[in-house]
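First the structure, in the form of structure tokens, and then the observations on it.
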There are 2 protein chains.
Amino acid sequence: MTKAGRAGTLPSEPAQARRFGRVRDAQATALLEDYVELIADLLADAGEARLVDIARRMGVAHPTAAKTINRLKRQGLAMSEPYRGVFLTEAGARMAERARVRHRLVVRLLETLGVPSEVAEADAEGMEHYISDVTERVFTQFVGRKGV
Amino acid sequence: MTKAGRAGTLPSEPAQARRFGRVRDAQATALLEDYVELIADLLADAGEARLVDIARRMGVAHPTAAKTINRLKRQGLAMSEPYRGVFLTEAGARMAERARVRHRLVVRLLETLGVPSEVAEADAEGMEHYISDVTERVFTQFVGRKGV
DNA sequence: TTTATCATGTAGCCATGGCAACAATTAATA
DNA sequence: TATTAATTGTTGCCATGGCTACATGATAAA
Ligand SMILES: [Mn+2]
Ligand SMILES: [Mn+2]
Ligand SMILES: [Mn+2]
Ligand SMILES: [Mn+2]
């Protein structure tokens, strides 16, 4: 037996496996997205993105930030000379821009639904990485229809 | 200089660090939540939760699932005897229930906004772990007002 | 121009979460 | 019952993403 049950709430095995696989993929890029987004913001806002500032804003020790930045460089998303600040490649800048758009969209969606700004910012920082293109379009429509 | 800029889009340093810290915390428990939720579903649906089935549904190799289940046991969320299926402790069952509620809520919210069911299920699998209590309440209100 | 401070780099440690390969046990079938 | 198949366990590998401690380079103060 053990196979019968009551046709429960479980999705099909391949479908569920696919979903969890997509979550793993998204998780793998989530941190990189946050880094390039932050670097872009620092460049725009302060003219440079220093390791110390990146580390402080991410809330991690500086060697942790250094390692992640090396990973960005290996993946062709960032560049830097020793003891100089960090810059984004074309690809990095594109990723940052997409991340920024999605970030602000999710914040706006949450605020439109009535979530307080501070909470919206906090929750968006996690949620933003798991939104598909389809959902992104739906969100855009919704915040357009409602708030301005 | 380098400090001036144009009072840009950046949040305060401590606020931003706090947010990223919360994201890291949520990420750390995300996988555990998915496992206990799946185990609960398998128990309800098939009467037992076997390692093979868990691994297949998670889309990972069985040693990967075995390691995660050991972690669940270490954290007092699951129990199992060698070569028998996996069960949840009180704490594990509670976590599963909360995960299940949030999962379905996020799916319903997305569907209510007009996201197709299949996409809603996929996106919810990632988003669900980053929703604060406040946002959860807002979502509940919203789907209550709208849907049904 | 020394000297002190600050920023960056580097090494090594740990836990997580993937994998493949092989061993041992349990269940199914011949 | 004996053999085969399936399940579970175990080991060892890798990359990621945290940390501390220490070395080195650059900047600011004395
Ligand atoms: Mn983020
Ligand atoms: Mn962001
Ligand atoms: Mn999930
Ligand atoms: Mn879930």
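No hydrogens, no waters, no symmetry mates; every other heavy atom, side chains included, goes into these values. Just so we're on the same page: letters track the sequence lines, and every chain starts at 1.
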### Task
Measure the distance from CZ on Arg56(A) to P on dT8(C) and round it to the nearest whole Å.
9 Å

### Message
Assuming nearest nucleotide by heavy-atom distance, tell me which of Ala61(A) and Tyr83(A) is located more 5' along DNA chain D.
### Response
Ala61(A)

### Query
With Asp53(B), which of Arg57(B), Arg56(B), Arg50(B) fulfils side-chain hydrogen bond (donor to acceptor under 3.5 Å, both in side chains)?
Arg56(B)

### Message
Under the criterion side-chain contact (heavy atoms from CB on, under 4.5 Å), I'd like the reasoning laid out for His103(A) against Glu121(A): C-alpha separation, chi angles, the key distance, then a yes or no.
### Response
CA-CA 9 Å; His103(A) 184 115; Glu121(A) 279 291 347; 3.1 Å; yes

## Note on the structure
Whichever of Pro63(B) and Gln27(B) has the more 5' nearest nucleotide on DNA chain C, that residue is Gln27(B)

### Summary
Atom CG of Asn70(A) and atom C1' of dT8(C) are separated, to the nearest Å, by 11 Å

### Query
Is it true that a side-chain atom of Thr29(B) and a backbone atom of Leu32(B) form a donor plus acceptor pair closer than 3.5 Å?
no

### Query
Tell me: CZ of Arg24(B) to C1' of dA15(C), nearest whole Å?
15 Å

### Query
Roughly how many Å is it from NE2 in His62(A) to P in dT24(D), rounded to a whole number?
14 Å

### Whole-Å distance separating the CD1 atom of Ile54(B) from the P atom of dA6(D)
20 Å

## Note on the structure
Closest to the side chain of Leu51(B), out of dG12(D), dT8(D), dT20(D), is dT8(D)

#### Entry: Rounded distance (Å) that lies between atom P of dC19(D) and atom CE of Met58(A)
11 Å

### Task
For dT7(D), take OP1 and OP2 only and decide whether either is under 4.0 Å from a side-chain N or O of Arg50(B).
no

### Task
Could you tell me the separation between the CD atom of Gln75(B) and the P atom of dA15(C), rounded to a whole number of Å?
13 Å

### Message
If you only use heavy atoms from C-beta on, which nucleotide in dA7(C), dG18(D), dT10(D) is closest to the side chain of Leu31(A)?
### Response
dG18(D)

### Message
Using heavy-atom distances to pick each residue's nearest nucleotide on DNA chain D, tell me which of Arg74(A) and Pro82(A) is more 5'.
### Response
Arg74(A)

### Message
Going by salt bridge (Lys or Arg N to Asp or Glu O under 4.0 Å), Arg102(A) matches just one of Glu128(A), Glu37(A), Glu33(A). Which one?
### Response
Glu33(A)

### Task
Please tell me which of Lys67(A) and Glu81(A) maps to the more 5' nucleotide of DNA chain C, matching each residue to the nucleotide holding its nearest heavy atom.
Glu81(A)

### Task
Could you state the atom-to-atom distance from CG of Asp34(B) to P of dG18(C) in whole Å?
10 Å

### Query
What nucleotide among dG9(C), dT7(D), dA7(C) has an atom nearest to a side-chain atom of Val52(A)?
dA7(C)

### Message
Which heavy atom of Glu125(A) sits nearest to which heavy atom of His129(A), and what is that distance?
### Response
O-NE2, 3.1 Å

### Task
Tell me whether the OP1 or OP2 atom of dT27(D) has a side-chain N or O from Arg84(A) closer than 4.0 Å.
yes

